Amino acid sequence: FRDYPTPDRSIFDNRLYYSHVSQRRSFTVGMSEIGCPYPCTFCCMRQSGWDARTAEQVVDEMQECIALGIHEIDWFDPLMLHDRGRALDIAREVRRRKLDVIWSCRSRVDSLSFHGSKSGADHELIETLSEGGCRRIYFGIESGDDDVLKHMMKGQSASTNLGKTLAVVHEAGIMALGFFILGAPGDTRASVRRTVDLSLSLPLAYAQYQIAVIKPHTELERRHVIEELGIERRQFLLQRGLLALVAVEPNDGDVQIERTLMRVLGYRVFEDADGKMNRSLHDIAGGLLLVSQFTLAADTKKGMRPSFTS
């Protein structure tokens, strides 16, 4: 990855870019490494190796950003802090050059505890990151239930030193943010409750909960789509059909679900021999892919075409 050139950010008006959690303008994103050596079942980058730019290359890119008026960078690497030595070198070089920039990154919690969930916090690394401009770290915590984490092949435990490590991060002046997954294999109402309780007990400035989704190229896809259902991705993608974004409102129940399914199967959205949209999914024997959607709900009470005016 170190042989790739840095992005040409001069072609953009960088003043237009900002994140809802960023602190300075102008703001940009970057990638300093690719791949992930861990086997997490929900991730499409699982066990894909790990390749990184050198610390000098990363800091050179930061300096290029400053020349363009950019003073905050969010590094979207899956595991920017995986290599402890590189992470220390990046932070120390930023400080040595006295760069007017702050930055954030993504990490496992155990990357800040010597890659061991039972080890103590890596005070030297955390304090050096803070001195080198790191202001936010997004942590993939995923679940508060050890059995669910085992199903995920996460390689960490919710019952160890997460809180202690994150407390050291907080004390160093770095904002800790947590990512959590709900509805993963093995999850129950009780385990989801434990996840929410864990997130509230940790010194996090922000917590993001997402519904477990089976993504292409993941272990979840292999287990639950290819092996259990006998559906190959290529077989499905070549099939004619619909992608339905499904929203469930508070008062919806079995009656609404059954009625909505019948309407989705019956909507006349496919062309007939005359080129008119008169054929349904049922008519063409097409495929149906359902994806959870919680930002927009369609009104299907009237007619055979959904309304989005409500």
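These numbers were taken from a predicted model, which means no experiment stands behind them. Start at 1 with the first residue, then count along the sequence.
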I want to check a possible cation-pi pair here: [X] against [Y], using under 6.0 Å from ring centre and within 45° of the ring axis as the test.
X: Arg106; Y: Phe139; answer: no
X: Arg25; Y: Tyr18; answer: yes
X: Arg240; Y: Phe270; answer: no

- Message: Using a strict threshold of under 4.0 Å (side-chain N to carboxylate O), is an ion pair present between Arg136 and Glu72?
- Response: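 Result for this pair is yes, salt bridge flagged.
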Does the side chain of [X] pick up a donor-acceptor pair with the side chain of [Y] at under 3.5 Å?
X: Arg86; Y: Ser32; answer: yes
X: Ser113; Y: Asp122; answer: no
X: Arg135; Y: Gln23; answer: no
X: Thr28; Y: Arg9; answer: yes
X: Asp187; Y: Ser191; answer: yes

- Item | Test item: Ser10 and Leu68 side chains (from C-beta on) under 4.5 Å apart, heavy atoms |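 Yes, their side chains come closer than 4.5 Å.
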- Taking the side chain as every heavy atom from C-beta outward, state whether Lys154 and Tyr38 have any pair of such atoms under 4.5 Å apart.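 Sidechains of Tyr38 and Lys154: no contact.
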- Does the ring center of Tyr17 lie less than 6.0 Å from the ring center of Phe27?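 They do not qualify: ring centres at least 6.0 Å apart.
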